[in-house]
Amino acid sequence: MGRFRPRSTAPVRERAILVGVDLGRSEWSCEESLAELARLAETDGAEVVLTLSQRLDAPVPKTFIGKGKVEELCSYVRSLDADVVIFDDELSPSQQANLEKIVGEPVKIIDRTALILDIFGVHARTHEGRLQVQLAQLQYVLPRLRGMWSHLVGEQTRGGIGSRFGQGESQLEVDRRLVRSRISTLRRELERLERRRGVQSKARWDSGVYRVALVGYTNAGKSTLLNCLTGACVYAKDELFATLDPTTRALDLDEGRKITVTDTVGFIQKLPTMLVESFKSTLAEVRAADLVLLVVDASDPHRELEIRAVRSVLADIGAEGIRCVTVLNKWDLVGAEERHELMSSHPDAVPVSALEGTGTRGLLYRVAREAAEGSVAMSVLVPYEKGLLMKMVHERCQVMRETYVQGGLLATVRADERMARTLAPYVVEDEAEAEPEGAGGPLA
Ligand SMILES: Nc1nc2c(ncn2[C@@H]2O[C@H](COP(=O)(O)OP(=O)(O)OP(=O)(O)O)[C@@H](O)[C@H]2O)c(=O)[nH]1
Ligand SMILES: [Mg+2]
């Protein structure tokens, strides 16, 4: 029997029970992880009515949680009239099916991964983003098809969390073979888009622009920072995974050098591996960056755990070798004492408030310094017919002196490693010594 729900134009929020198991293996305590799960559930439109947890040495193979806990869960599901039970850890397909059988229809049993995939499905806006999410969702669905099949029979209209997979396809029509073939089609399409993105990205490389990627835990303020630095108007909101699709904007540093800043999908602890795999073309934007700005919500009590979670994803995607500057965002929310603590534990970090626009001058100065780091002074003579190269000299290098002579553009520049290699054939002797003192100094 369903609970009485008053007629209203507002969508009915699903009532969710969260379940966590403390296996004593994670840096996050069970409560912290469940609090985050609650935010994820709320982002996905659910109302959390209860949180249950259990301390176990190892998950129970059949039902993940112990027998007594399952009974407790069943009675809460009934007394609280819950629609969905969300486990904080990934359930195996058979655990999920067993639990659904015990708890009984029409209550859905899902896990953190399904919840995140659902949020991604709702938030994906571009064609590529949608394809990436669809791929991850189908990979999740594939081993669970039987379980989903059985509970979907006679239950075609059930909606809500975990049931928006398949993006409009009738789920009853979906069988393993179809899902597999859809997965390969999606992979092919994504590879095609990735090649195109690769070409665009190479074009950006060729134009010699220094690339900065904003990375960080979800909700750290990456999009707000992009907006604040570049005047972009990307979607920024107090919700998890507001951004899925990367946005790149150009920015001129005071010294005249052009850079691009890319905002992209946020990370989270226990990030589903199939999402990392499906989002590899999006995440390639991060890998291709010259500099990573690791944006941290400095006001979050879990900031250190979040930094570690972000670093671990960076390592997973092969981006750990990229130069990285920590940005302590939401500085406006940090008290004086904590500011002091934070600056002593992160002496190299840059504090900013993307919302108030404070500290960004210091941040851009730091970016300019990073861009100049490892750069070399050189004098080059670029022939007039090398128009693109001349453009690159102006955009990518710090030009200290330039004159147009008979043979082309004669310039003394500071170039980063990549540019120095490109310009090597055009180097002329002696001019570098003429570099003025203090070049590459502060922007402020
Ligand atoms: N007080 C304060 N709030 C901020 C600051 N920067 C961002 N916020 C708020 O934090 C919330 C999240 O900001 P976003 O820019 O959407 O965060 P994000 O890192 O892009 O998040 P995802 O795209 O969801 O991963 C928004 O409500 C912002 O207004 C800041 O410096 N100070
Ligand atoms: Mg964002």
Side-chain angles (χ1 to χ4, degrees), residues 36-45 112 115-126 129 132-133 212-249 261-272 275-276 279 282-283 285-286 289 292-303 305-307 309-314 317 324-336 338-339 342-343 346 349-364:
E36 186 178 81
L37 189 71
R39 283 218 61 198
L40 285 167
E42 278 154 18
T43 296
D44 207 30
R112 177 185 264 257
L115 182 59
I116 293 176
L117 290 175
D118 204 54
I119 296 174
F120 270 55
V122 174
H123 289 183
R125 289 187 180 86
T126 65
Q132 293 179 121
V133 176
V212 177
L214 302 175
V215 303
Y217 212 75
T218 178
N219 212 46
K222 301 175 293 297
S223 302
T224 311
L225 186 59
L226 179 81
N227 290 341
C228 159
L229 290 176
T230 68
C233 301
V234 300
Y235 183 70
K237 198 168 172 227
D238 191 15
E239 62 181 28
L240 307 185
F241 299 115
T243 308
L244 287 195
D245 307 301
T247 306
T248 300
R249 289 284 179 273
V261 186
T262 301
D263 171 33
T264 183
V265 58
F267 302 161
I268 199 165
Q269 53 128 0
K270 303 180 185 168
L271 190 67
L275 265 183
V276 176
F279 273 70
T282 295
L283 294 169
E285 290 277 324
V286 175
V292 159
L293 293 182
L294 199 167
V295 184
V296 183
D297 176 351
S299 71
D300 193 319
H302 304 118
R303 60 194 168 233
L305 292 175
E306 293 176 359
I307 293 176
V310 171
R311 287 196 184 282
S312 136
V313 182
L314 283 177
I317 62 169
C324 178
V325 170
T326 305
V327 179
L328 297 171
N329 188 34
K330 309 200 187 179
W331 202 239
D332 55 300
L333 300 177
V334 182
E338 227 180 332
R339 284 185 177 192
L342 268 165
M343 285 320 292
H346 300 278
V350 184
V352 301
S353 166
L355 195 66
E356 295 183 344
T358 50
T360 48
R361 239 183 132 65
L363 178 60
L364 290 177

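Note that these values count all heavy atoms, side chains included, but never hydrogens, waters or copies made by symmetry. Indexing begins at 1, ligand by ligand and atom by atom, following the structure's order. No experiment lies behind these values; they were computed from the predicted model shown.
- A salt bridge does not link Glu36 with Lys270: none of the charged nitrogens is closer than 4.0 Å to a carboxylate oxygen.
- Proximity to Leu240 (heavy-atom distance under 4.0 Å) selects the following atoms of ligand 1: 24 (O).
- Scanning the protein for heavy atoms near atom 24 (O) of ligand 1, the closest one is Ala242 N, 2.7 Å.
- Shown are Asp238, Asp297, Asp300; of these, the salt bridge (charged side-chain N to carboxylate O under 4.0 Å, His left out) with Lys330 is made only by Asp297.
- The atoms of ligand 1 that sit less than 4.0 Å from any heavy atom of Thr218 are 22 (P), 24 (O), 25 (O).
- The closest approach between any non-hydrogen atom of Glu239 and ligand 1 is below 4.0 Å.
- Between Thr264 atom OG1 and Leu283 atom CG the span is 6.0 Å, to the nearest 0.5 Å.
- Considering only non-hydrogen protein atoms, atom 6 (N) of ligand 1 sits nearest to Asn329 ND2, 3.1 Å.
- Put simply, the side chain of Lys222 gets close to the backbone of Tyr217: a donor and an acceptor are under 3.5 Å apart.
- Of all protein heavy atoms, the one lying nearest to atom 11 (C) of ligand 1 is Asn219 OD1, 3.6 Å.
- The closest donor-acceptor contact from the side chain of Thr218 to the backbone of Phe241 lies under 3.5 Å.
- At a cut-off of 2.8 Å, Thr224 does not coordinate the Mg ion (ligand 2) through any N, O or S atom.
- Every atom of ligand 1 is numbered from 1 in the order shown, and the set under 4.0 Å from a heavy atom of Thr224 is 6 (N), 7 (C), 13 (O), 14 (P), 15 (O), 28 (C).
- Between the Mg ion (ligand 2) and Thr243 there is an N/O/S contact shorter than 2.8 Å.
- Residue nearest to atom 17 (O) of ligand 1, selected from Gly221, Ala354, Ser223, Gly357: Gly221 (by heavy-atom distance).
- If you number the atoms of ligand 1 from 1 as listed, the ones under 4.0 Å from a heavy atom of Asp332 come out as 1 (N), 2 (C), 30 (C), 31 (O), 32 (N).
- Within the 3.5 Å criterion, the main-chain N or O of Val295 finds no donor-acceptor partner in the side chain of Asn329.
- Checked against a 3.5 angstrom limit, the closest N/O atoms of Leu355 and ligand 1 fall inside it.
- Every N/O-N/O distance between Leu333 and ligand 1 stays at or above 3.5 Å.
- Side-chain atoms of Trp331 and Thr358, non-hydrogen and from C-beta on, never get closer than 4.5 Å to each other.
- A donor-acceptor pair is defined here as one N or O able to donate and one able to accept, closer than 3.5 Å; no such pair exists between the side chain of Asp263 and the backbone of Leu226.
- The Phe241 neighbourhood of ligand 1 comprises atoms 24 (O), with distances under 4.0 Å to a heavy atom of that residue.
- Counting the atoms of ligand 1 from 1 in the order shown, those under 4.0 Å from a heavy atom of Gly266 are 25 (O).
- Annotation: Lys330 places an N or O atom under 3.5 Å from an N or O atom of ligand 1; distance criterion only.
- Residue contacts with ligand 1 do not include Gly216, since none of its heavy atoms lies under 4.0 Å from the ligand.
- Annotation: Glu356 places no N or O atom under 3.5 Å from an N or O atom of ligand 1; distance criterion only.
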